[in-house]
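Here is the naming used below: chain letters follow the sequence lines, and residue numbers restart at 1 for every chain. All values below were derived from every heavy atom in this structure, side-chain atoms included, with hydrogens, water molecules and symmetry-related copies excluded.
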Amino acid sequence: MVNALDVLQERGFVEQVSDAEGLRSAMESPLTFYIGYDPSAASLHAGSLLTIMAVAHLQRLGHRPIVVVGGGTGMIGDPTGRTEMRQLMAVDSIAENVDAIRRQLSHYIDFGEDRAVVVNNAEWLMKLGYIEFLRDIGQHFSVNRMLAAEAYRQRFERGLSFIEFNYQLLQAYDYLHLFRTYGCRLQMGGNDQWGNILAGVDLIRRIEGAETYALTFPLLTTSSGAKMGKTAAGAVWLQAELMAPYDFYQYWINVEDADVGRFLKLYTFLPLEQIAELSSVEGSALRDSKEVLAYEVTRLAHGAEAADQAREASRALFGGQGERDAIPSTTVAKSDLEQGVLAVDLFVTAGLTRSKSDARRLVQQGGAYVNDEPVQDIEALITDADLEHGEILLRAGKKRFHRIVTG
RNA sequence: GGGCAGAUACCCAAGUGGCCAAAGGGGGCUGACUGUAAAUCAGCUGGCAGCGCCUUCGGAGGUUCGAAUCCUUCUCUGCCCA
């Protein structure tokens with residue numbers, strides 16, 4: 001059987017491991033591991049996708065994931081890598097988000113038959129008694145050592161509240177709790193979590209005398225240094241309601257050349273040999289590889305049907321022929337169109353521009369198109385005469401499209 | 001609790017009575033070039049009933065013909081002392 005650690009390493013998931021040899025041998029048999037998600041948003045986005053893929057790989061190789069949604073720690077906020085204090089969250093919205101996150105993860109992870117567990121750390125953290133916690137857990141933490149950690153040192157310059165300072169203890173306690181209840185022996189997380197994860201490993205060693213492991217993922221940026229999963233419009237959400245599969249697909253097909261191979265390894269399950277082939281091509285041929293990347297990632301997130309449609313639509317817009325149904329559309333009342341609507345207003349309704357002024361600028365700069373014809377005049381009126389096959393195709397700039405249909 | 005400093009547009013950051021919708025940088029958008037890539041160059045980047053008007057410089061009041069700029073007060077943040 002392939003060793004899961006090797007798989008993760010080969011595909012570029014591993015930034016640091018606490019004890020590679022120990023972990024490798026632990027992974028010779030099914031292992032229970034955990035990863036935490038922050039419940040502050042209702043949907044996961046492309047930034048978390050890397051970690052989801054890692055979990056999915058491990059599960060496919062026979063290991064059992066515990067997904068911890070940080071309902072308890074979410075009420076505090078992790079100071080790591082943040083320059084500002086986080087807003088404390090309402091209890092209700094955390095609970096809603098926990099459900100939403102579980103639903104999204106189920107596209108990637110099999111939650112059936114004890115194959116995976118989702119838990120909310122509020123379950124055990126909320127019950128903790130302060131004195132007891134200080135006595136049992138607090139005594140194992142050295143403030144000196146915590147202060148020396150880079151993550152906290154940065155925060156000194158801007159201030160760090162006592163609540164946030166305790167985050168590490170709680171996360172360490174999570175790990176201890178999961179070790180005791182589920183025999184969890186590996187915690188994974190972003191590289192910014194390294195210190196927190198190790199704190200848990202240490203705590204378990206001190207209290208239980210047992211060896212557990214830590215593994216962190218690289219903090220991904222694109223080749224030109226931008227954060228993963230951000231666009232002008234905001235985050236690249238995994239949930240179809242927040243981001244149409246077509247737009248999701250577009251995000252992936254627009255990645256930089258230099259990222260194709262790396263992303264194929266991280267964000268798809270394609271075998272490494274095939275990936276090597278796909279990323280060996282050069283120049284414009286790489287577009288085909290990007291298409292494979294975009295298709296696969298979209299298929300995982302939204303299913304084969306949605307991915308097919310997104311690909312069709314992309315080909316239709318950028319290549320020539322194909323169905324356009326997957327291009328996001330907005331419905332406009334037929335009567336409005338009969339009377340005529342200002343082109344600039346239509347761009348606003350379609351969400352292609354943020355405001356009417358923005359739309360005017362777009363027209364002035366020659367970036368506004370209706371049915372592939374540039375809009376020449378700011379006062380230009382769009383009517384039902386502009387309908388082609390029952391729709392109007394708006395375009396902002398080179399590659400942002402939206403359909404207007406009547407209803 | 002005491003003293004000091006600060007809060008400016010998406011982010012960083014200048015501006016300390018009118019020339020301020022507010023310098024500069026980042027980010028973003030558009031155009032040229034391209035391959036739905038990168039790099040480079042140029043323009044744009046508060047809103048609207050668009051040559052004008054309205055809203056914005058932490059909140060609320062005030063002084064003034066006129067305030068992001070001065071005064072009062074409140075909220076928040078940082079630093080120093082306890």
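Residue Arg287(A) places no side-chain N or O under 4.0 Å from the OP1 or OP2 atom of rA38(B). Applying the 4.0 Å criterion to OP1 and OP2 of rA37(B), one finds that Lys399(A) has a side-chain N or O inside that range. Distances shorter than 4.0 Å separate none of the side-chain N or O atoms of Arg354(A) from OP1 or OP2 on rG47(B). Applying the 4.0 Å criterion to OP1 and OP2 of rG35(B), one finds that Lys398(A) has every side-chain N and O outside that range. Between Lys356(A) and rA49(B) there is a side-chain N or O to OP1 or OP2 distance below 4.0 Å.
Between the side chain of Gln365(A) and the base of rG43(B) there is at least one donor-acceptor pair of N/O atoms closer than 3.5 Å. Taking 3.5 Å as the limit, the base of rU36(B) and the side chain of Gln250(A) contain a donor-acceptor pair of atoms between them.
A gap of 41 Å separates the C1' atoms of rG18(B) and rA32(B), to the nearest Å.
Residues Lys290(A) and Asp257(A) are paired through a salt bridge, judged by an N-O separation under 4.0 Å between the basic side chain and the carboxylate. The residues Arg102(A) and Asp99(A) are annotated as not salt-bridged, no charged nitrogen and carboxylate oxygen being separated by less than 4.0 angstrom.
Under the 4.5 Å side-chain criterion, counting only non-hydrogen atoms from C-beta, Phe111(A) is not in contact with Arg115(A).
The side chain to side chain donor-acceptor pair (under 3.5 Å) analysis of residues 4-15 of chain A, with sequence neighbours excluded, yields the pairs Asp6(A)-Arg24(A), Gln9(A)-Arg24(A).
Closest approach to the Ser355(A) side chain among rG35(B), rU34(B), rG47(B) is made by rG47(B) (side chain taken as heavy atoms from C-beta onward).
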